[in-house]
There are 2 protein chains.
Amino acid sequence: MAKFAVIKEHIYQKIESGEWPEYHPVSSENELSAEFNVSRMTARRALQELSDEGLVTRTRGSGTFVAPLKSQSALLTIRNIADEIKMRNHKHHAVVRSLQSVPALPHIAAALQLDPEGHVFHSVITHFENGQAVQVEERFVNPLLVPNYLEQDFTEHTPHEYLCEVTPLTEASHLIEAVMPTKQTAKWLDMHEVEPCLQIQRRTWCRDGVVSQATLTHPGSRFRLGGHMTFKSTQRSSRGAAKGSTTGDEQ
Amino acid sequence: MAKFAVIKEHIYQKIESGEWPEYHPVSSENELSAEFNVSRMTARRALQELSDEGLVTRTRGSGTFVAPLKSQSALLTIRNIADEIKMRNHKHHAVVRSLQSVPALPHIAAALQLDPEGHVFHSVITHFENGQAVQVEERFVNPLLVPNYLEQDFTEHTPHEYLCEVTPLTEASHLIEAVMPTKQTAKWLDMHEVEPCLQIQRRTWCRDGVVSQATLTHPGSRFRLGGHMTFKSTQRSSRGAAKGSTTGDEQ
DNA sequence: AACTTGCTAATGTATATACAACATAGCAAA
DNA sequence: TTTGCTATGTTGTATATACATTAGCAAGTT
């Protein structure tokens, strides 16, 4: 492996394992060049590419630091409903409808890459924006990777926030559909059963496997999923490759 | 401006103006270093970053070439329904429902950043997959940037393909909603009026301004929008920052 | 005709060096 | 206390050089 790649891997491991939390200082170019016995330019390349990938932030004169996970989320276009609501200066609260261990149905076990015999953790939470229901979040969680899931208070922090903390996400896959709500979902969302819903199914991975599978259901009338992308490419290298905002309120 | 940025801008201008089409060879590192009177390493950085951004492809021993526009689409997660259908080895055909110049309604003029007095081009097209309607595409196009829009045969090439050709896209913004179809749309999609639709509103920009505003309506039962994203970050620099596939058929 | 060899050009990696621009801490003067 | 300066460390840019790896081509060999 190339030397710069060795250094990248070393730093990546520190971040991914949680040994270096957000904003933790990363060794300077000079330190790395001494530590790995390479030139400063080589150490620099490692840091530069990590910066391009959004894993660290660099400021001249100050140093290199582990980037807040939030910016990773931006890359992944992973959405946290609570953050979005707060970003609009609205009030968020959540009601936990269910939180327990359930037998793994075959398709759930398959989605989580688990033994079909076992159990999985299951939560159903309704999210409110200014007192109005905007999302029903049904989630199946891998108990091997997140053993303490059931003991969390999800009125304080969303499952997404908790999962991001305990298992740094590395991958996500989304499936977006328009569906009619089930009777139960319509009731939770306080909406008519004939109104369409925007439903996002999301699976997230960490290094060790599938973390969770979530189904996020929004009333069509109260929710839009927005995104903006650009490749100006005239400014900074790859940082500008794909900058995605997530929430509507455009134009 | 930094020297490497000057070189980047020079090459970007060639690509963006169409002077260098797909696969056109780009000056080598040595040529650039001579032409701009910089070291090879500086010329190299310009090419490297353009490569990271997906604008050019580089192969050792061979040279640097303008990347096919398709990879730009990947960056933007811009979706072309015809490509997706073909990728599934299904048959695509389109029916043009309307293609004409219409007076610009105020909100359309605003969206296209045009004079509210003028006209805009308007097209409505139904797309079929294996004979079944899967999308109604209603599109408003900026006549100043795409003067020959009305003379195209959109049963041959989709508007998206045509627009990509004549105006290299630099930006896009999406809005995704779940809605009920209008009577007319339901009829075109051959679906019940009580079935929900996934509706994507997309505005696209080129360097000179807003190119078009499209509303893509899909029957919820026959369509899913999928995406997969990862930041492995162990492999190549920024190329791996956000790799998005667009169509379902996962798991 | 098919294969091999060798040359050339291009990109990939790595090093050493120099200077510029910026941030911060600490200290001195007002 | 406030202001301003400076020393130091850090990142940003640019250069010069060396060698490794690969693609493509051309000439020669079998």
Side-chain angles (χ1 to χ4, degrees), chain A residues 1-12 14-15 20 23-68 71 233-240, chain B residues 1-12 14-15 20 23-68 71 233-240:
Chain A
M1 201 190 311
K3 296 189 180 182
F4 76 88
V6 171
I7 301 178
K8 276 182 71 176
E9 191 61 27
H10 171 256
I11 296 172
Y12 180 69
K14 296 279 189 188
I15 297 174
W20 288 355
Y23 303 110
H24 187 281
V26 177
S27 320
S28 76
E29 298 179 355
N30 286 321
E31 287 170 351
L32 285 174
S33 65
E35 187 179 344
F36 285 87
N37 199 30
V38 297
S39 76
R40 185 193 147 208
M41 292 307 286
T42 303
R44 174 178 179 72
R45 176 166 177 185
L47 292 178
Q48 185 65 58
E49 293 197 357
L50 287 171
S51 169
D52 287 349
E53 292 160 21
L55 287 165
V56 302
T57 61
R58 320 188 72 203
T59 47
R60 162 155 57 180
S62 180
T64 305
F65 305 89
V66 175
S71 63
S233 71
T234 62
Q235 303 131 332
R236 269 296 301 128
S237 79
S238 46
R239 219 200 77 268
Chain B
M1 202 191 311
K3 295 191 181 182
F4 75 88
V6 172
I7 301 178
K8 277 181 72 176
E9 192 61 28
H10 172 256
I11 297 171
Y12 179 70
K14 296 279 188 186
I15 297 174
W20 287 356
Y23 304 112
H24 187 281
V26 178
S27 320
S28 76
E29 298 179 354
N30 286 320
E31 286 170 351
L32 286 174
S33 65
E35 187 179 345
F36 286 86
N37 199 30
V38 298
S39 76
R40 187 194 141 207
M41 291 306 287
T42 302
R44 176 179 178 71
R45 175 165 178 186
L47 293 179
Q48 186 66 57
E49 293 197 356
L50 287 171
S51 169
D52 287 349
E53 291 161 21
L55 286 165
V56 301
T57 61
R58 320 187 74 203
T59 48
R60 163 154 58 178
S62 179
T64 304
F65 305 90
V66 176
S71 63
S233 71
T234 62
Q235 302 131 337
R236 269 298 299 127
S237 77
S238 49
R239 220 199 76 267

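No experiment lies behind these values; they were computed from the predicted model shown. Letters go in sequence order (proteins before strands), and every chain restarts at 1.
In this structure, CD on Glu9(B) lies 9.5 Å from CG on Leu50(B), to the nearest 0.5 angstrom. With values rounded to the nearest 0.5 angstrom, Thr64(A) atom OG1 is found 12.5 Å from Leu55(A) atom CG.
Here the C1' atom of nucleotide dC22(C) and the CZ atom of Phe65(A) are 13 Å apart, to the nearest Å. In this structure, Lys3(A) places its NZ atom 19 Å from P of dG12(C), rounding to the nearest Å. If you measure from atom CD of Glu29(A) to atom C1' of dA20(C), you get 14 Å, rounded to the nearest angstrom. What separates CG of Leu47(B) from P of dA9(C) is a distance of 19 Å, to the nearest Å. Separating the CD atom of Glu31(B) from the P atom of dA10(C) is a distance of 6 Å, rounded to the nearest angstrom. Atom CZ of Arg58(A) is separated from atom C1' of dT11(D) by 6 Å (rounded to the nearest Å). Put simply, CG on Asn30(B) is 14 Å from P on dT15(D), counting in whole angstrom units. The separation between Ile7(B) atom CD1 and dT15(D) atom C1' is 13 Å, rounded to whole Å.
Nearer the 5' end of DNA chain C, as judged by each residue's closest nucleotide, is the contact made by Asn37(A), out of Asn37(A) and Gly61(A). The nearest heavy atom of DNA chain C to Ser28(B) and to Ala43(A) marks one nucleotide each, and the one closer to the 5' end goes with Ser28(B).
The side chain of Arg60(A) lies closest to dG12(D), out of dT13(D), dG12(D), dT13(C). The side chain of Val38(A) has dT15(C) as its nearest neighbour among dT11(D), dT15(D), dT15(C). Between dT11(D), dA14(D), dT11(C), one nucleotide has an atom nearer to the side chain of Met41(A) than all others, and that is dA14(D). Checking dG12(C), dT15(C), dA10(C) against the side-chain heavy atoms of Gln48(B) singles out dG12(C) as nearest.
Side-chain contact between Lys8(B) and Arg45(B) is absent, with no heavy atoms from C-beta onward closer than 4.5 Å.
Contact annotation: Thr42(A) reaches the phosphate of dT15(C) (side-chain N/O to OP1 or OP2, under 4.0 Å). Contact between the side-chain N/O atoms of Ser62(B) and the OP1/OP2 oxygens of dA23(D) is not found at any separation under 4.0 Å. Between Arg44(B) and the phosphate of dT11(C), there is no side-chain N or O to OP1/OP2 separation shorter than 4.0 Å. Contact annotation: Arg45(A) side-chain N/O to dT13(C) OP1/OP2 distance is under 4.0 Å. For Thr64(A), a side-chain nitrogen or oxygen approaches OP1 or OP2 of dT11(D) to under 4.0 Å.
The base of dG12(C) is paired with the side chain of Arg40(B) by a donor and an acceptor separated by under 3.5 Å.
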Show your working on side-chain contact (heavy atoms from CB on, under 4.5 Å) between Glu35(A) and His10(A) and close with a plain yes or no.
CA-CA 12 Å; Glu35(A) 187 179 344; His10(A) 171 256; 4.2 Å; yes
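Heavy-atom minimum distance, Leu32(B) versus Ala43(B): CB-CB, 3.7 Å.
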